**Student:** 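The structure under discussion is supplied below as C-alpha coordinates; questions concerning it will follow.
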There are 2 protein chains.
Amino acid sequence: MAVNSIEPLGAATAEEEAYRHIQHGLRTGRYRAGDRLIPEEIATEIGMSRMPVREAFRRLASEGLVVIRPNRGCIVAGLTVDEIYETFEIRSVLEGLAVRLAMPHIDAEVLEELERHLDRMERASQTGSSDWVVRHQAFHLQICQLSNRPKLVRQIASLHVGIEPYLRIWFDYVDKPLSARAEHEILIEVMRSGDAQKAEIVMRDHIVETAPLLADFASPGRR
Amino acid sequence: MAVNSIEPLGAATAEEEAYRHIQHGLRTGRYRAGDRLIPEEIATEIGMSRMPVREAFRRLASEGLVVIRPNRGCIVAGLTVDEIYETFEIRSVLEGLAVRLAMPHIDAEVLEELERHLDRMERASQTGSSDWVVRHQAFHLQICQLSNRPKLVRQIASLHVGIEPYLRIWFDYVDKPLSARAEHEILIEVMRSGDAQKAEIVMRDHIVETAPLLADFASPGRR
DNA sequence: AGATGGATAAGTGGATACACAAATTCAGGT
DNA sequence: ACCTGAATTTGTGTATCCACTTATCCATCT
(Lines give C-alpha, C1' and ligand atoms only; values in the text may rest on other atoms or scores of the structure.)
Protein backbone atom coordinates (compact mmCIF):
# COMPACT_ATOMS: atom_id res chain seq x y z
CA MET A 1 0.00 0.00 0.00
CA ALA A 2 1.17 3.46 -0.84
CA VAL A 3 2.86 4.87 2.20
CA ASN A 4 1.53 8.24 3.30
CA SER A 5 5.00 9.70 3.30
CA ILE A 6 5.64 13.11 4.76
CA GLU A 7 6.74 15.44 2.02
CA PRO A 8 10.46 16.14 2.12
CA LEU A 9 12.12 12.77 2.17
CA GLY A 10 15.69 13.84 1.59
CA ALA A 11 15.01 16.99 -0.43
CA ALA A 12 16.18 14.99 -3.39
CA THR A 13 15.83 17.36 -6.32
CA ALA A 14 18.56 19.61 -7.61
CA GLU A 15 16.20 22.56 -7.85
CA GLU A 16 15.57 22.25 -4.13
CA GLU A 17 19.27 22.29 -3.43
CA ALA A 18 19.76 25.38 -5.57
CA TYR A 19 16.81 27.04 -3.87
CA ARG A 20 18.21 26.42 -0.39
CA HIS A 21 21.67 27.51 -1.43
CA ILE A 22 20.50 30.81 -2.86
CA GLN A 23 18.10 31.49 -0.02
CA HIS A 24 20.89 30.92 2.46
CA GLY A 25 23.04 33.34 0.54
CA LEU A 26 20.27 35.91 0.62
CA ARG A 27 19.63 35.51 4.33
CA THR A 28 23.23 35.69 5.42
CA GLY A 29 24.01 38.63 3.21
CA ARG A 30 26.39 36.86 0.87
CA TYR A 31 24.13 38.03 -1.94
CA ARG A 32 23.26 41.66 -1.36
CA ALA A 33 20.44 43.82 -2.66
CA GLY A 34 21.07 44.73 -6.27
CA ASP A 35 23.60 41.95 -6.84
CA ARG A 36 23.22 40.05 -10.06
CA LEU A 37 22.72 36.33 -9.68
CA ILE A 38 24.42 34.60 -12.58
CA PRO A 39 22.97 31.14 -13.20
CA GLU A 40 26.23 29.70 -14.47
CA GLU A 41 28.25 30.83 -11.46
CA ILE A 42 25.82 29.37 -8.96
CA ALA A 43 25.37 26.23 -11.01
CA THR A 44 29.04 25.35 -11.16
CA GLU A 45 29.41 26.31 -7.53
CA ILE A 46 27.05 23.62 -6.36
CA GLY A 47 27.84 21.23 -9.16
CA MET A 48 24.83 21.25 -11.43
CA SER A 49 23.71 22.86 -14.66
CA ARG A 50 21.94 26.19 -15.06
CA MET A 51 18.49 24.71 -15.41
CA PRO A 52 17.63 23.87 -11.81
CA VAL A 53 19.11 27.19 -10.77
CA ARG A 54 16.82 29.05 -13.11
CA GLU A 55 13.84 27.17 -11.77
CA ALA A 56 14.89 28.12 -8.26
CA PHE A 57 14.98 31.75 -9.43
CA ARG A 58 11.32 31.53 -10.39
CA ARG A 59 10.30 30.42 -6.95
CA LEU A 60 12.44 33.03 -5.27
CA ALA A 61 10.97 35.64 -7.58
CA SER A 62 7.41 34.74 -6.72
CA GLU A 63 8.35 35.09 -3.06
CA GLY A 64 9.68 38.53 -3.81
CA LEU A 65 13.25 37.74 -2.84
CA VAL A 66 14.68 38.34 -6.30
CA VAL A 67 13.52 40.13 -9.42
CA ILE A 68 13.74 38.61 -12.88
CA ARG A 69 13.64 41.03 -15.78
CA PRO A 70 13.26 39.50 -19.24
CA ASN A 71 16.61 39.12 -20.97
CA ARG A 72 18.30 40.97 -18.18
CA GLY A 73 18.68 38.26 -15.61
CA CYS A 74 18.06 37.92 -11.94
CA ILE A 75 18.96 40.48 -9.29
CA VAL A 76 18.53 40.42 -5.53
CA ALA A 77 15.44 42.39 -4.58
CA GLY A 78 16.33 44.99 -2.02
CA LEU A 79 13.57 46.47 0.07
CA THR A 80 12.91 50.19 -0.03
CA VAL A 81 11.88 52.00 3.13
CA ASP A 82 8.26 51.76 2.07
CA GLU A 83 8.61 48.05 1.41
CA ILE A 84 10.18 47.43 4.81
CA TYR A 85 7.27 49.20 6.48
CA GLU A 86 4.85 47.28 4.29
CA THR A 87 6.45 43.98 5.23
CA PHE A 88 6.11 44.76 8.92
CA GLU A 89 2.50 45.86 8.45
CA ILE A 90 1.72 42.55 6.80
CA ARG A 91 3.66 40.62 9.42
CA SER A 92 1.78 42.42 12.16
CA VAL A 93 -1.64 41.29 11.03
CA LEU A 94 -0.55 37.79 10.01
CA GLU A 95 1.33 37.09 13.22
CA GLY A 96 -1.47 38.75 15.16
CA LEU A 97 -3.85 36.27 13.59
CA ALA A 98 -1.41 33.46 14.28
CA VAL A 99 -1.08 34.16 17.97
CA ARG A 100 -4.84 34.50 18.34
CA LEU A 101 -5.34 31.11 16.73
CA ALA A 102 -2.47 29.66 18.74
CA MET A 103 -3.95 30.61 22.09
CA PRO A 104 -6.01 27.44 22.63
CA HIS A 105 -2.82 25.41 22.30
CA ILE A 106 -0.81 27.40 24.80
CA ASP A 107 0.00 25.62 28.02
CA ALA A 108 2.65 25.81 30.71
CA GLU A 109 5.00 23.60 28.77
CA VAL A 110 4.80 25.75 25.67
CA LEU A 111 5.42 28.90 27.67
CA GLU A 112 8.50 27.30 29.18
CA GLU A 113 9.80 26.44 25.74
CA LEU A 114 9.25 29.99 24.60
CA GLU A 115 11.21 31.21 27.61
CA ARG A 116 14.04 28.96 26.56
CA HIS A 117 13.93 30.52 23.11
CA LEU A 118 14.38 33.91 24.72
CA ASP A 119 17.27 32.54 26.77
CA ARG A 120 19.02 31.45 23.64
CA MET A 121 18.24 34.76 21.98
CA GLU A 122 19.71 36.70 24.87
CA ARG A 123 22.80 34.53 24.99
CA ALA A 124 23.36 34.97 21.26
CA SER A 125 23.05 38.73 21.58
CA GLN A 126 25.73 38.77 24.25
CA THR A 127 28.21 36.86 22.15
CA GLY A 128 27.58 39.46 19.48
CA SER A 129 27.06 36.89 16.80
CA SER A 130 24.09 37.67 14.66
CA ASP A 131 22.67 34.32 15.59
CA TRP A 132 20.40 36.65 17.51
CA VAL A 133 18.46 37.09 14.29
CA VAL A 134 17.98 33.35 13.91
CA ARG A 135 16.87 32.92 17.52
CA HIS A 136 14.49 35.82 17.26
CA GLN A 137 12.92 34.28 14.18
CA ALA A 138 12.65 30.94 15.91
CA PHE A 139 10.72 32.52 18.76
CA HIS A 140 8.22 34.16 16.45
CA LEU A 141 7.81 31.13 14.21
CA GLN A 142 7.35 28.88 17.21
CA ILE A 143 4.27 30.86 18.17
CA CYS A 144 3.01 30.87 14.61
CA GLN A 145 3.35 27.13 14.31
CA LEU A 146 1.11 26.66 17.32
CA SER A 147 -1.69 28.18 15.27
CA ASN A 148 -1.77 24.97 13.29
CA ARG A 149 -2.18 26.86 10.01
CA PRO A 150 0.42 25.66 7.49
CA LYS A 151 -0.20 28.28 4.83
CA LEU A 152 -0.12 31.06 7.36
CA VAL A 153 3.18 29.83 8.75
CA ARG A 154 4.69 29.58 5.30
CA GLN A 155 3.75 33.14 4.41
CA ILE A 156 5.09 34.51 7.66
CA ALA A 157 8.31 32.54 7.32
CA SER A 158 8.78 33.94 3.83
CA LEU A 159 8.41 37.49 5.12
CA HIS A 160 11.00 36.78 7.80
CA VAL A 161 13.45 35.65 5.16
CA GLY A 162 12.92 38.87 3.23
CA ILE A 163 13.79 41.12 6.14
CA GLU A 164 16.53 38.95 7.59
CA PRO A 165 19.39 40.70 5.79
CA TYR A 166 18.25 44.05 7.15
CA LEU A 167 17.94 42.66 10.66
CA ARG A 168 21.52 41.41 10.42
CA ILE A 169 22.83 44.72 9.18
CA TRP A 170 20.95 46.49 11.94
CA PHE A 171 22.21 44.05 14.53
CA ASP A 172 25.79 44.54 13.40
CA TYR A 173 25.32 48.28 13.49
CA VAL A 174 23.81 48.86 16.92
CA ASP A 175 26.10 48.28 19.85
CA LYS A 176 25.97 44.73 20.85
CA PRO A 177 24.24 43.68 24.01
CA LEU A 178 20.72 44.54 23.08
CA SER A 179 18.54 41.51 23.35
CA ALA A 180 15.05 42.98 23.28
CA ARG A 181 14.09 40.39 25.81
CA ALA A 182 11.66 42.63 27.68
CA GLU A 183 9.59 43.31 24.57
CA HIS A 184 9.18 39.60 24.03
CA GLU A 185 8.46 38.82 27.66
CA ILE A 186 5.39 40.99 27.25
CA LEU A 187 4.19 38.58 24.59
CA ILE A 188 4.64 35.58 26.85
CA GLU A 189 2.87 37.47 29.59
CA VAL A 190 -0.25 38.14 27.54
CA MET A 191 -0.24 34.59 26.24
CA ARG A 192 -0.17 33.36 29.82
CA SER A 193 -3.19 35.52 30.58
CA GLY A 194 -5.21 33.54 28.06
CA ASP A 195 -6.85 36.54 26.41
CA ALA A 196 -6.68 35.83 22.68
CA GLN A 197 -8.01 39.21 21.59
CA LYS A 198 -5.44 41.00 23.67
CA ALA A 199 -2.65 38.72 22.51
CA GLU A 200 -3.43 39.64 18.92
CA ILE A 201 -3.26 43.33 19.70
CA VAL A 202 -0.02 43.03 21.66
CA MET A 203 1.60 41.05 18.87
CA ARG A 204 0.53 43.60 16.30
CA ASP A 205 1.92 46.47 18.29
CA HIS A 206 5.13 44.59 19.02
CA ILE A 207 5.81 44.05 15.34
CA VAL A 208 4.80 47.47 14.08
CA GLU A 209 7.08 49.10 16.64
CA THR A 210 10.05 47.23 15.23
CA ALA A 211 9.81 48.55 11.69
CA PRO A 212 11.26 52.05 12.19
CA LEU A 213 14.46 50.59 13.59
CA LEU A 214 15.31 49.01 10.24
CA ALA A 215 14.15 51.85 8.04
CA ASP A 216 17.56 53.51 7.99
CA PHE A 217 19.15 50.50 6.39
CA ALA A 218 16.78 50.22 3.46
CA SER A 219 17.95 49.90 -0.11
CA PRO A 220 17.76 53.02 -2.23
CA GLY A 221 15.02 53.79 -4.74
CA ARG A 222 13.68 51.65 -7.55
CA ARG A 223 15.54 48.91 -9.25
CA MET B 1 18.87 57.18 -21.32
CA ALA B 2 17.56 54.03 -19.76
CA VAL B 3 13.81 54.29 -19.63
CA ASN B 4 12.31 53.59 -16.24
CA SER B 5 9.94 51.07 -17.71
CA ILE B 6 7.08 49.70 -15.67
CA GLU B 7 7.50 45.98 -15.24
CA PRO B 8 5.30 44.04 -17.66
CA LEU B 9 6.03 45.55 -21.03
CA GLY B 10 4.26 43.11 -23.29
CA ALA B 11 4.60 40.00 -21.10
CA ALA B 12 7.35 38.99 -23.45
CA THR B 13 8.72 35.74 -22.06
CA ALA B 14 7.39 32.30 -22.81
CA GLU B 15 7.35 31.36 -19.14
CA GLU B 16 5.00 34.25 -18.50
CA GLU B 17 2.66 33.06 -21.23
CA ALA B 18 2.66 29.54 -19.83
CA TYR B 19 2.02 30.91 -16.36
CA ARG B 20 -0.96 32.93 -17.48
CA HIS B 21 -2.35 30.06 -19.52
CA ILE B 22 -2.20 27.61 -16.65
CA GLN B 23 -3.48 30.09 -14.12
CA HIS B 24 -6.44 30.83 -16.37
CA GLY B 25 -7.12 27.14 -16.62
CA LEU B 26 -7.01 26.82 -12.87
CA ARG B 27 -9.31 29.78 -12.28
CA THR B 28 -11.94 28.78 -14.77
CA GLY B 29 -11.97 25.17 -13.71
CA ARG B 30 -10.54 23.68 -16.86
CA TYR B 31 -7.86 22.14 -14.67
CA ARG B 32 -9.52 20.64 -11.62
CA ALA B 33 -8.16 19.70 -8.21
CA GLY B 34 -6.14 16.49 -8.49
CA ASP B 35 -5.68 16.74 -12.25
CA ARG B 36 -2.23 16.01 -13.50
CA LEU B 37 -0.59 18.75 -15.50
CA ILE B 38 1.59 17.24 -18.19
CA PRO B 39 4.28 19.65 -19.40
CA GLU B 40 4.33 18.26 -22.93
CA GLU B 41 0.58 18.61 -23.42
CA ILE B 42 0.52 22.21 -22.25
CA ALA B 43 3.71 23.04 -24.12
CA THR B 44 2.44 21.88 -27.51
CA GLU B 45 -0.91 23.46 -26.80
CA ILE B 46 0.55 26.94 -26.59
CA GLY B 47 3.37 26.25 -29.01
CA MET B 48 6.52 26.13 -26.92
CA SER B 49 8.80 23.56 -25.38
CA ARG B 50 8.39 21.94 -21.98
CA MET B 51 10.96 24.07 -20.25
CA PRO B 52 9.10 27.34 -19.80
CA VAL B 53 6.08 25.32 -18.71
CA ARG B 54 8.11 23.64 -16.01
CA GLU B 55 9.35 27.00 -14.81
CA ALA B 56 5.78 28.22 -14.64
CA PHE B 57 5.00 25.17 -12.50
CA ARG B 58 7.56 26.31 -9.95
CA ARG B 59 5.93 29.69 -9.54
CA LEU B 60 2.47 28.19 -9.33
CA ALA B 61 3.75 25.72 -6.74
CA SER B 62 5.20 28.42 -4.56
CA GLU B 63 1.83 30.18 -4.69
CA GLY B 64 0.21 26.98 -3.56
CA LEU B 65 -1.86 26.52 -6.69
CA VAL B 66 -0.20 23.25 -7.73
CA VAL B 67 1.87 20.62 -6.01
CA ILE B 68 5.06 19.22 -7.49
CA ARG B 69 6.19 15.87 -6.17
CA PRO B 70 9.66 14.75 -7.19
CA ASN B 71 9.54 12.44 -10.17
CA ARG B 72 5.79 12.31 -10.00
CA GLY B 73 4.87 15.46 -11.78
CA CYS B 74 2.58 18.37 -11.15
CA ILE B 75 -0.97 18.10 -9.90
CA VAL B 76 -3.57 20.77 -9.23
CA ALA B 77 -3.70 21.53 -5.53
CA GLY B 78 -7.22 21.25 -4.25
CA LEU B 79 -8.09 22.98 -1.00
CA THR B 80 -9.35 20.91 1.90
CA VAL B 81 -12.04 22.31 4.17
CA ASP B 82 -9.40 23.39 6.64
CA GLU B 83 -7.40 25.09 3.93
CA ILE B 84 -10.44 26.98 2.68
CA TYR B 85 -11.09 28.27 6.17
CA GLU B 86 -7.43 29.11 6.54
CA THR B 87 -7.43 31.04 3.30
CA PHE B 88 -10.38 33.10 4.42
CA GLU B 89 -8.79 33.74 7.80
CA ILE B 90 -5.69 35.06 6.09
CA ARG B 91 -7.74 37.09 3.64
CA SER B 92 -9.72 38.60 6.49
CA VAL B 93 -6.71 40.10 8.24
CA LEU B 94 -4.92 41.10 5.04
CA GLU B 95 -7.93 42.79 3.47
CA GLY B 96 -8.79 44.26 6.86
CA LEU B 97 -5.35 45.82 6.89
CA ALA B 98 -5.79 46.92 3.29
CA VAL B 99 -9.05 48.74 3.87
CA ARG B 100 -7.68 50.45 6.97
CA LEU B 101 -4.71 51.72 5.00
CA ALA B 102 -6.95 52.65 2.09
CA MET B 103 -9.17 54.90 4.16
CA PRO B 104 -7.17 58.11 3.71
CA HIS B 105 -7.56 57.73 -0.04
CA ILE B 106 -11.29 57.23 -0.04
CA ASP B 107 -13.33 60.07 -1.49
CA ALA B 108 -16.72 60.50 -3.10
CA GLU B 109 -15.41 59.56 -6.50
CA VAL B 110 -13.92 56.31 -5.27
CA LEU B 111 -17.12 55.39 -3.49
CA GLU B 112 -19.05 55.97 -6.70
CA GLU B 113 -16.70 53.71 -8.58
CA LEU B 114 -17.13 51.01 -5.98
CA GLU B 115 -20.89 51.32 -6.36
CA ARG B 116 -20.48 50.78 -10.08
CA HIS B 117 -18.50 47.63 -9.33
CA LEU B 118 -21.45 46.40 -7.31
CA ASP B 119 -23.78 47.27 -10.16
CA ARG B 120 -21.78 45.13 -12.52
CA MET B 121 -21.62 42.36 -9.94
CA GLU B 122 -25.38 42.39 -9.52
CA ARG B 123 -25.99 42.42 -13.24
CA ALA B 124 -23.65 39.47 -13.75
CA SER B 125 -25.41 37.52 -11.04
CA GLN B 126 -28.74 38.03 -12.78
CA THR B 127 -27.51 36.73 -16.10
CA GLY B 128 -26.35 33.69 -14.19
CA SER B 129 -22.92 33.75 -15.72
CA SER B 130 -20.19 33.18 -13.21
CA ASP B 131 -18.74 36.52 -14.22
CA TRP B 132 -20.13 37.33 -10.81
CA VAL B 133 -16.97 35.84 -9.37
CA VAL B 134 -14.79 38.12 -11.45
CA ARG B 135 -16.79 41.20 -10.55
CA HIS B 136 -16.73 40.31 -6.89
CA GLN B 137 -12.97 39.95 -7.01
CA ALA B 138 -12.65 43.27 -8.80
CA PHE B 139 -14.57 45.00 -6.03
CA HIS B 140 -12.35 43.60 -3.31
CA LEU B 141 -9.13 44.20 -5.19
CA GLN B 142 -10.15 47.75 -6.00
CA ILE B 143 -10.29 48.50 -2.29
CA CYS B 144 -6.99 46.77 -1.68
CA GLN B 145 -5.27 48.74 -4.40
CA LEU B 146 -6.25 51.97 -2.71
CA SER B 147 -4.05 50.95 0.19
CA ASN B 148 -1.07 51.67 -2.02
CA ARG B 149 0.76 48.57 -0.80
CA PRO B 150 1.93 46.52 -3.79
CA LYS B 151 3.07 43.45 -1.89
CA LEU B 152 -0.11 43.34 0.11
CA VAL B 153 -2.19 43.53 -3.05
CA ARG B 154 -0.20 40.76 -4.69
CA GLN B 155 -0.67 38.42 -1.77
CA ILE B 156 -4.37 39.07 -1.58
CA ALA B 157 -4.79 38.63 -5.31
CA SER B 158 -3.01 35.29 -5.11
CA LEU B 159 -5.40 34.11 -2.40
CA HIS B 160 -8.34 35.13 -4.55
CA VAL B 161 -7.02 33.01 -7.40
CA GLY B 162 -6.75 30.01 -5.12
CA ILE B 163 -10.37 30.13 -4.03
CA GLU B 164 -11.80 31.20 -7.37
CA PRO B 165 -12.60 27.66 -8.57
CA TYR B 166 -14.58 26.99 -5.41
CA LEU B 167 -16.46 30.26 -5.72
CA ARG B 168 -17.41 29.30 -9.25
CA ILE B 169 -18.61 25.85 -8.23
CA TRP B 170 -20.57 27.37 -5.39
CA PHE B 171 -22.06 30.00 -7.66
CA ASP B 172 -23.15 27.38 -10.18
CA TYR B 173 -24.66 25.34 -7.38
CA VAL B 174 -26.77 27.89 -5.52
CA ASP B 175 -29.86 29.13 -7.28
CA LYS B 176 -28.96 32.05 -9.38
CA PRO B 177 -30.06 35.50 -8.42
CA LEU B 178 -27.98 35.94 -5.33
CA SER B 179 -25.82 38.97 -5.63
CA ALA B 180 -24.71 39.55 -2.05
CA ARG B 181 -25.01 43.25 -2.76
CA ALA B 182 -26.26 44.12 0.71
CA GLU B 183 -23.21 42.61 2.39
CA HIS B 184 -20.96 44.74 0.25
CA GLU B 185 -23.01 47.89 0.65
CA ILE B 186 -22.19 47.64 4.33
CA LEU B 187 -18.52 47.95 3.41
CA ILE B 188 -19.14 51.06 1.35
CA GLU B 189 -21.19 52.46 4.20
CA VAL B 190 -18.43 52.11 6.77
CA MET B 191 -15.88 53.46 4.33
CA ARG B 192 -18.07 56.51 3.84
CA SER B 193 -18.15 57.02 7.60
CA GLY B 194 -14.38 57.52 7.58
CA ASP B 195 -13.70 55.32 10.61
CA ALA B 196 -10.65 53.28 9.66
CA GLN B 197 -10.68 51.07 12.74
CA LYS B 198 -14.28 50.16 12.16
CA ALA B 199 -13.75 49.58 8.47
CA GLU B 200 -11.06 47.03 9.29
CA ILE B 201 -13.38 45.16 11.62
CA VAL B 202 -16.28 45.18 9.18
CA MET B 203 -14.07 43.88 6.38
CA ARG B 204 -12.74 41.11 8.60
CA ASP B 205 -16.21 39.99 9.59
CA HIS B 206 -17.47 40.21 6.05
CA ILE B 207 -14.78 37.86 4.81
CA VAL B 208 -14.87 35.39 7.67
CA GLU B 209 -18.62 35.01 7.26
CA THR B 210 -18.16 33.92 3.66
CA ALA B 211 -15.96 30.92 4.34
CA PRO B 212 -18.59 28.43 5.56
CA LEU B 213 -20.55 28.81 2.32
CA LEU B 214 -17.73 27.23 0.35
CA ALA B 215 -16.77 24.55 2.84
CA ASP B 216 -19.14 22.00 1.35
CA PHE B 217 -17.34 22.11 -1.98
CA ALA B 218 -13.87 21.41 -0.64
CA SER B 219 -11.60 18.76 -2.08
CA PRO B 220 -11.31 15.53 -0.13
CA GLY B 221 -8.47 14.68 2.25
CA ARG B 222 -4.76 14.71 1.67
CA ARG B 223 -3.07 14.28 -1.61
C1' DA C 1 -8.68 -16.51 -8.76
C1' DG C 2 -5.85 -13.42 -6.50
C1' DA C 3 -1.47 -11.86 -5.62
C1' DT C 4 3.28 -11.09 -6.84
C1' DG C 5 7.08 -10.05 -9.60
C1' DG C 6 9.18 -8.52 -13.73
C1' DA C 7 9.17 -6.36 -18.40
C1' DT C 8 7.76 -2.41 -20.87
C1' DA C 9 6.14 2.07 -21.59
C1' DA C 10 5.56 6.73 -20.11
C1' DG C 11 7.15 10.82 -18.08
C1' DT C 12 10.14 13.56 -15.19
C1' DG C 13 14.61 15.80 -13.99
C1' DG C 14 18.71 17.39 -15.63
C1' DA C 15 22.47 18.61 -19.17
C1' DT C 16 24.03 20.27 -23.32
C1' DA C 17 23.56 23.06 -27.43
C1' DC C 18 22.02 26.96 -30.00
C1' DA C 19 19.73 31.42 -31.24
C1' DC C 20 19.04 35.91 -29.80
C1' DA C 21 19.04 40.06 -26.95
C1' DA C 22 21.55 43.32 -24.24
C1' DA C 23 25.64 45.45 -22.35
C1' DT C 24 30.13 46.94 -23.09
C1' DT C 25 33.95 48.46 -25.45
C1' DC C 26 36.30 50.71 -28.89
C1' DA C 27 36.73 53.46 -33.00
C1' DG C 28 35.41 57.28 -35.57
C1' DG C 29 33.30 61.64 -36.15
C1' DT C 30 31.94 66.22 -34.59
C1' DA D 1 37.28 65.99 -25.30
C1' DC D 2 32.83 64.26 -25.69
C1' DC D 3 29.28 62.08 -27.93
C1' DT D 4 27.73 58.57 -31.24
C1' DG D 5 27.42 54.25 -33.30
C1' DA D 6 29.02 49.70 -34.57
C1' DA D 7 31.28 45.30 -33.30
C1' DT D 8 32.26 42.09 -29.81
C1' DT D 9 31.31 39.75 -25.79
C1' DT D 10 28.54 38.21 -22.32
C1' DG D 11 24.59 36.04 -20.72
C1' DT D 12 19.74 34.94 -21.13
C1' DG D 13 15.88 32.14 -23.15
C1' DT D 14 14.44 28.06 -25.47
C1' DA D 15 14.86 23.54 -27.66
C1' DT D 16 16.52 19.00 -27.98
C1' DC D 17 18.52 15.05 -25.89
C1' DC D 18 19.59 11.50 -22.39
C1' DA D 19 19.35 9.02 -17.97
C1' DC D 20 16.59 7.47 -14.51
C1' DT D 21 12.42 7.03 -11.80
C1' DT D 22 7.71 5.72 -11.63
C1' DA D 23 3.60 3.64 -13.33
C1' DT D 24 1.28 0.04 -16.02
C1' DC D 25 0.44 -4.31 -17.72
C1' DC D 26 1.01 -9.02 -18.26
C1' DA D 27 2.74 -13.49 -17.07
C1' DT D 28 3.61 -16.64 -13.55
C1' DC D 29 3.24 -18.74 -9.13
C1' DT D 30 0.72 -19.95 -5.06
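Heavy atoms only: backbone and side chains are in, while hydrogens, waters and symmetry mates are out. Not measured: the values here are computed from a predicted model. Numbers restart at 1 for each chain; the letters A, B, ... are given by sequence-line order, proteins then strands.
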**Student:** Fit a plane to each ring of F171(B) and W132(B), take the angle between them on a 0 to 90° scale, and name the class: parallel (under 30°), tilted (30 to 60°) or perpendicular (over 60°).
**Tutor:** parallel
**Student:** Expressed as a whole number of angstroms, how long is the span from R54(A):CZ to dA15(C):C1'?
**Tutor:** 14 Å
**Student:** Could you check how far CD of E15(B) sits from P of dA15(D), rounded to whole Å?
**Tutor:** 13 Å
**Student:** Please report, rounded to the nearest Å, how far the C1' atom of dT16(C) is from the CD atom of E40(A).
**Tutor:** 11 Å
**Student:** Less than 4.0 Å between a side-chain N and a carboxylate O, is that true for R58(B) and E63(B)?
**Tutor:** no
**Student:** Below 4.0 angstrom, N of the basic side chain to O of the carboxylate: do R59(B) and E55(B) qualify?
**Tutor:** no
**Student:** Calculate the interatomic distance between E16(B) atom CD and dT12(D) atom P; express it in whole Å.
**Tutor:** 19 Å
**Student:** Atom CZ of F57(A) and atom P of dT12(D): how far apart are they, to the nearest Å?
**Tutor:** 8 Å
**Student:** For I38(A) and dG13(D), give me the distance from atom CD1 to atom P, rounded to whole Å.
**Tutor:** 13 Å
**Student:** Over 60° means perpendicular and under 30° means parallel, so classify the ring planes of H206(A) and H136(A), tilted if in between.
**Tutor:** tilted
**Student:** Would you kindly compare C74(A) and G47(B) by the position of their nearest DNA chain D nucleotide and give the one closer to the 5′ end?
**Tutor:** C74(A)
**Student:** Within the structure, does a side-chain N or O atom of S49(B) lie under 4.0 Å from either OP1 or OP2 of dT16(D)?
**Tutor:** no
**Student:** Return the nearest nucleotide to the side chain of R72(B); candidates are dA22(C), dA23(D), dT12(D).
**Tutor:** dA23(D)
**Student:** When only distance counts, do a donor and an acceptor, one from the side chain of R50(B) and one from the base of dG11(C), lie under 3.5 Å apart?
**Tutor:** no
**Student:** What is the distance, rounded to the nearest whole Å, between atom CD of E55(A) and atom C1' of dT12(C)?
**Tutor:** 11 Å
**Student:** Whole Å only: how far is the CG atom of N71(B) from the P atom of dA19(D)?
**Tutor:** 16 Å
**Student:** More 5' along DNA chain C: M51(A) or R36(B), using each one's nearest nucleotide?
**Tutor:** R36(B)
